[in-house]
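Down below is the structure, laid out as structure tokens.
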Protein chains: 2
Amino acid sequence: MKINSLQIEIDGIDKEILRYLMEDARKPILQIAAKIGISGAAIHQRLRKLEQAGVIAGSKFIVNTKVLGYSTMAFVGIYLEKASSNFEAVKELRKIPEVLECHYTTGNWSILIKMICRDNEHLMQLLNKKIQPINGVSRTETFISLEQQIERQIQL
Amino acid sequence: MKINSLQIEIDGIDKEILRYLMEDARKPILQIAAKIGISGAAIHQRLRKLEQAGVIAGSKFIVNTKVLGYSTMAFVGIYLEKASSNFEAVKELRKIPEVLECHYTTGNWSILIKMICRDNEHLMQLLNKKIQPINGVSRTETFISLEQQIERQIQL
DNA sequence: CATGAAACCATTCTGCA
DNA sequence: TGCAGAATGGTTTCATG
């Protein structure tokens, strides 16, 4: 592993370890060790280095939101009156738990958010009662995801 | 935990367990047990049920793409000549590793994708050489995420 | 990066309420 | 049906080479 000022290079073994763990964060290290032919301790050492280098941002359990009753995913482009009100708007958006992502974007809008809702009515209520009233928001454009056809992380 | 035909209800203890694991998938079950005051065995039982019910979709290691040299995230809206070419287009998009999400959306475009690139030039090359040439794609609109200000899962 | 020992954790089973 | 306790087998960590 080579560390430049900003970018880190990881070797093939690191990649192989990460590939397994990106698929299943709870996979036992010893099983991975057996598959790639080095000791479990060596993998732990590499993982510690990758963590220190900031390559590993953590691990997460993924919850199936559909099963919990959230069936509508939507993207909402938000126009702001002034780009300078971005900080305030994001602060408000953060308070809405259904907002999963928020991006400050180039192009038409100032902000693009991804949100998850129980149904279309829930989405409409959030738009009307939570998002549109935010100070500085002038207009929104909504795109409902009828189907998420790809969902993955970067391939190593 | 109550199981309806399609939607699952999870109680406060389930939520607490999941909250810990959504934050850190490798957190030892016994540590969680100690914090919430029930036995490790009980947590295992609950996790098994949640898994059977489909609430848990898996666990993932999260890799910091910026550290690996991917500094540009972009959303691309794709217009298709015919909506019916969606399936073929998605098949091609799946072959592009930089495409992390692909949604079939209502609104202006047929498809909205999220992709990650090394830099703006890399993004441009992917657009020109990989995405625009896909059969059925008539036009694209690109939104670069200057900053991702929110990134999280649904709150339980 | 490997080894081996020690500490720790996960998992399963049994009994109890 | 849900939980606790105990037992065992596996995992992680640490020291050392």
Side-chain angles (χ1 to χ4, degrees), chain A residues 1-4 7-69 153 156, chain B residues 1-64 67-69 153-156:
Chain A
M1 196 170 61
K2 200 176 68 181
I3 301 184
N4 299 329
Q7 189 175 333
I8 281 119
E9 305 244 339
I10 61 179
D11 70 10
I13 295 179
D14 289 329
K15 282 185 188 173
E16 213 166 340
I17 297 168
L18 288 176
R19 267 199 292 267
Y20 282 113
L21 290 172
M22 283 165 77
E23 199 58 43
D24 174 9
R26 286 189 83 91
K27 193 172 182 71
I29 303 299
L30 287 180
Q31 277 181 31
I32 300 172
K35 291 211 180 189
I36 70 185
I38 64 173
S39 74
I43 293 189
H44 276 282
Q45 286 168 19
R46 280 167 177 271
L47 283 175
R48 223 170 300 143
K49 275 186 204 161
L50 289 170
E51 207 161 341
Q52 283 177 344
V55 175
I56 296 171
S59 65
K60 299 221 178 316
F61 242 59
I62 309 300
V63 165
N64 186 340
T65 49
K66 272 192 192 156
V67 174
L68 293 178
Q153 282 195 76
L156 295 182
Chain B
M1 197 170 60
K2 199 176 67 185
I3 299 184
N4 298 331
S5 54
L6 270 169
Q7 187 176 332
I8 281 117
E9 304 242 342
I10 61 180
D11 70 10
I13 295 178
D14 289 330
K15 283 186 188 175
E16 215 167 341
I17 296 166
L18 289 175
R19 266 200 293 266
Y20 281 112
L21 291 171
M22 283 166 76
E23 198 60 40
D24 173 9
R26 287 188 83 88
K27 192 172 184 72
I29 303 297
L30 287 180
Q31 275 180 34
I32 299 172
K35 291 211 181 192
I36 70 184
I38 65 171
S39 74
I43 293 189
H44 276 282
Q45 284 173 19
R46 280 166 178 272
L47 284 175
R48 219 175 303 143
K49 277 188 196 159
L50 288 170
E51 208 161 341
Q52 283 178 345
V55 175
I56 296 171
S59 65
K60 297 219 178 318
F61 242 59
I62 308 299
V63 166
N64 185 340
V67 173
L68 293 177
Q153 282 196 74
I154 192 75
Q155 274 136 302
L156 296 182

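In what follows, every chain begins at residue 1, and chains take the letters A, B, ... in the order their sequences are listed. Just so we're clear, the structure is a prediction, and the values are computed from it rather than from any experiment.
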Here the distance between atom C1' of D:dC3 and atom CD1 of B:I36, to the nearest Å, is 12 Å

Does B:I43 reach a base, just sugar-phosphate, or nothing at all? Heavy atoms under 4.0 Å. nothing

Taken to the nearest whole Å, CG/A:D24 to C1'/C:dA10 is 14 Å

When rounded to whole Å, the CD to C1' distance for the pair B:Q45 and C:dA17 reads 14 Å

B:D11 atom CG is separated from D:dT1 atom P, nearest whole Å, by 15 Å

Among C:dC9, D:dT12, D:dT11, the one nearest any side-chain atom of A:Q31 is D:dT11

OP1 or OP2 of D:dT11 under 4.0 Å from side-chain N/O of A:R26:
no

*Salt-bridge present (A:D14, A:K49; N to O < 4.0 Å)*: no

Quick note, A:A42 side chain, CB onward, closest among C:dA2, C:dT12, D:dC3 is C:dA2

Here the distance between atom C1' of C:dC1 and atom CG of A:D14, to the nearest Å, is 13 Å

With heavy-atom distances below 4.5 Å as the criterion, would you say the side chains of A:I10 and A:R46 are in contact?
no

Original post:
Side chains of A:I32 and A:L21: does their closest heavy-atom pair fall under 4.5 Å?
Top reply: yes

Do any side-chain nitrogens or oxygens of B:H44 fall under 4.0 Å of OP1 or OP2 in C:dA10? no

Would you find a donor on one side and an acceptor on the other, under 3.5 Å apart, between the side chain of B:Q153 and the backbone of A:F61?
yes

To the nearest angstrom, the CG-P distance between A:L30 and C:dC9 comes to 16 Å

- Query: Heavy atoms under 4.0 Å, any strand shown: does B:A41 hit a base, just sugar-phosphate, or nothing?
  - Reply: base

Which part of the nucleic acid, if any, lies within contact of A:I38, taking any heavy atom under 4.0 Å across all strands shown: a base, the sugar-phosphate backbone alone, or nothing?
sugar-phosphate

* Asked: Does A:I17 reach the side chain of A:I29, with side-chain heavy atoms less than 4.5 Å apart?
  -> no

Taken to the nearest whole Å, CD1/B:I29 to P/C:dT11 is 7 Å

Quick note, B:P28 side chain, CB onward, closest among D:dG2, C:dA10, C:dC1 is C:dA10

Between CZ of A:R46 and C1' of D:dT13 the distance, given in whole Å, is 18 Å

